[in-house]
There are 2 protein chains.
Amino acid sequence: MPHAGLCTTLNPYAIWAIRGKTLDNINLLRKVQLHLDELRKSERKVANYILLDPASMLQMRISDLAQASDVSEPTVIRFCRALGFDGFQSFKLQLAQYLGSSGNYVQFSVSDSDSVADVNRKVFDATIGSLLNVRDEMDPVALEKAIAALSKARRVEFYGFGASGSVAIDAQHKFFRLQVSAAAYTDPHIQHMSAISLKEKDVVVAISQSGRTKALIQSVNLAREAGATVIGLVPRGTPLAALCDLPIHINVEEVEHVFTPVSSRIAHLVVIDVLAMGVARSSSEHLQDHLKRLNRSLRTLRANSKKPV
Amino acid sequence: MPHAGLCTTLNPYAIWAIRGKTLDNINLLRKVQLHLDELRKSERKVANYILLDPASMLQMRISDLAQASDVSEPTVIRFCRALGFDGFQSFKLQLAQYLGSSGNYVQFSVSDSDSVADVNRKVFDATIGSLLNVRDEMDPVALEKAIAALSKARRVEFYGFGASGSVAIDAQHKFFRLQVSAAAYTDPHIQHMSAISLKEKDVVVAISQSGRTKALIQSVNLAREAGATVIGLVPRGTPLAALCDLPIHINVEEVEHVFTPVSSRIAHLVVIDVLAMGVARSSSEHLQDHLKRLNRSLRTLRANSKKPV
DNA sequence: ATTAAACCAGAAAAATCATTTCATCCTGTA
DNA sequence: TACAGGATGAAATGATTTTTCTGGTTTAAT
């Protein structure tokens, strides 16, 4: 097998996989909340206790949970069954997995006493937490429309400023490789100039963390006037979101008074990856040949000797 | 509270947090592997079975696992105890949590029958999987040294090509905000020219997914000759890794014949975040004032009206 | 080579815990 | 108020884990 470096293997679809997990139980706690009013009164006591402190029940036996919720043991079982689980153990296991997957990445702040290893861990976990949120909030229909538009596009331009500027540049790279005629502009003047020269079959992807950058709004307006389709990677409910033909809403934060500028760029990048993967999927074998050749040519830019660390 | 957009709150440290989880069990499977030779012969059978297919045991009763591993039930319990758990259930629960946190993000490939929602999920999970790996493989000592070097640096330059080019640009942004004199060069000529003009107190951060890009190797050589300190975000065991003063090893892939160019850039970005956070921490309150002013000034570039979606 | 000691593994008993059954108790309605 | 209906819990049942104890196997010393 070829070296892993940039991209030297054949199948662009081969990545990583989810072990079988029904989509139902991915958001277990949300599911509990949703079914709350379908539950009987005493079962609801159990639900409320679990929603209040999900982690604690992992250590509990059925009798403990019954006592803590002030109901009888059979009720706990009925609660589990009402949610579609086999029984208490089955529910507990699912909850453990759920808490393992998303429960860990809750809020925190780095303190001065943290070691570098702690900071590392926390920054990574913060990022992962954001990604999990964005993943679950993503609208597949919007994605689908965006992928369709990108696949048909004659030319794709990525616009962004600041941190979103580097996302735009990265996106250009990605789409370039897929043989899409792509450009990235991070300068407002050039954006404007390019925007007015766009045609109907062109697509603009506007990337913004704030959703309110004036210059970007202007570029998008110009692009739309020129007849181009505008896809937006923007937070919901912002001026830019309202302006785009195909807004893809990306809300990184849920807790208001928290500073996470770290993660939103990364969420944007991953969404770009999703779009690129979607476009790659919908294109022909021809493209895969192209990718093979591309990788071969990149290899000539590299040194070959392997030296020890 | 101010709007969340780019970065409008006061405390740059406030991000996200880990719910209490002993470090021991974060890498449960690795732990099993490490203790493998301390186990008795028949207990090892159990361990091997679990390492082979951890997910399957979640559905198993103790007797099933005993049968599957070809040992008796007490042996299974002794195995759990040997690893420091209370018993079988306790172990199973921890494993469920572990698999929930990282076990899901194992290998797969996107198939043509996948919906866009599936692709979305898989791309996100692939990314998260890589991040989890990189997080756990990261060397805190190397990070610490790099942070120290960056904090003392008179000037920091980021070098990268291709996808790593946009990482370099992003890194420049990030450090720029921390009042570090930073530059990013993605053109080999300019890199070379800049590299030879560096001084002893300067730091270069070389970013590469392959670790073997010729032009980058050359830039690094020039920078070192000029007396600058070179930090490398590179895979272990590559020519570049050998060349850097302070290599930070980032190995995104573990499975050889798999194509994951998607995730390595992102891992690099997160490592940049970690470094930036480290530098921010080690600098004064003065910096925090600066950040406040910076955010105020950025706000003037934005539209203020809130429009509905 | 032989024997004792320590150790290891499994069968069966015991304990624990989840589940089912069934009787009781509410709640709402005629 | 009486009755139907479902909702709840006590106690019995059943399943699964855990402990105990015995037979076997390795190890080391004579």
Could you check how far [atom1] of [X] sits from [atom2] of [N], rounded to whole Å?
X	N	atom1	atom2	answer
A:D64	C:dT16	CG	P	14 Å
A:E73	C:dT16	CD	P	15 Å
A:R61	D:dT16	CZ	P	19 Å
B:I62	D:dT16	CD1	C1'	8 Å
B:F88	C:dC17	CZ	P	15 Å
A:Q89	C:dC17	CD	P	11 Å
B:F79	C:dC8	CZ	P	16 Å
B:D86	C:dC17	CG	C1'	15 Å

Which nucleotide, [options], lies nearest any side-chain atom of [X]?
X	options	result
A:I77	D:dT18, C:dC17, C:dT19	C:dT19
A:P74	D:dA10, D:dT16, C:dT19	D:dA10
B:V71	D:dA10, C:dA18, C:dG10	C:dG10

- Looking across every strand, which nucleic acid part, if any, lies under 4.0 Å from A:E43 by heavy atom: base, sugar-phosphate, or nothing?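 Touches nothing.
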Answer yes or no: does a side-chain N or O of [X] lie under 4.0 Å from OP1 or OP2 of [N]?
X	N	value
A:T75	D:dG9	yes
A:S42	D:dT8	yes
B:R40	C:dA9	yes

- Compare all side-chain heavy atoms of B:S69 with those of B:F79 and state whether any distance is below 4.5 angstrom.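 They are not in contact (no side-chain heavy atoms under 4.5 Å apart), so the answer is no.
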- Residue from A:I250, A:V134, A:I248, A:V234 passing side chain to side chain contact (heavy atoms under 4.5 Å, CB included) with A:H268: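 That would be A:I250; it is the only one of A:I250, A:V134, A:I248, A:V234 passing the side chain to side chain contact (heavy atoms under 4.5 Å, CB included) with A:H268.
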- Task: Check each of B:L39, B:V71, B:I77, B:V32 against B:V46 using the side chain to side chain contact (heavy atoms under 4.5 Å, CB included) test, and report the only one that passes.
- Result: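 Running side chain to side chain contact (heavy atoms under 4.5 Å, CB included) over B:L39, B:V71, B:I77, B:V32 with B:V46 returns exactly one hit, B:V71.
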- Query: Does B:K31 make a cation-pi contact with B:F91 (under 6.0 Å, within 45 degrees of the axis)?
  - Reply: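 Here B:K31 fails the 6.0 Å and 45° test against B:F91.
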- Query: Which sits closer to the 5' end of DNA chain C, B:S72 or A:K92, going by the nucleotide each is nearest to?
  - Reply: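 Of the two residues, B:S72 wins.
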- Item | Any side-chain donor near an acceptor of the partner, A:E73 and A:S63, under 3.5 Å |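 The criterion, which ignores hydrogens and geometry beyond distance, is not satisfied for A:S63 and A:E73.
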- So which one's nearest nucleotide on DNA chain D is more toward 5', B:R78 or B:K41?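 Its nearest nucleotide lies further toward 5', so the answer is B:R78.
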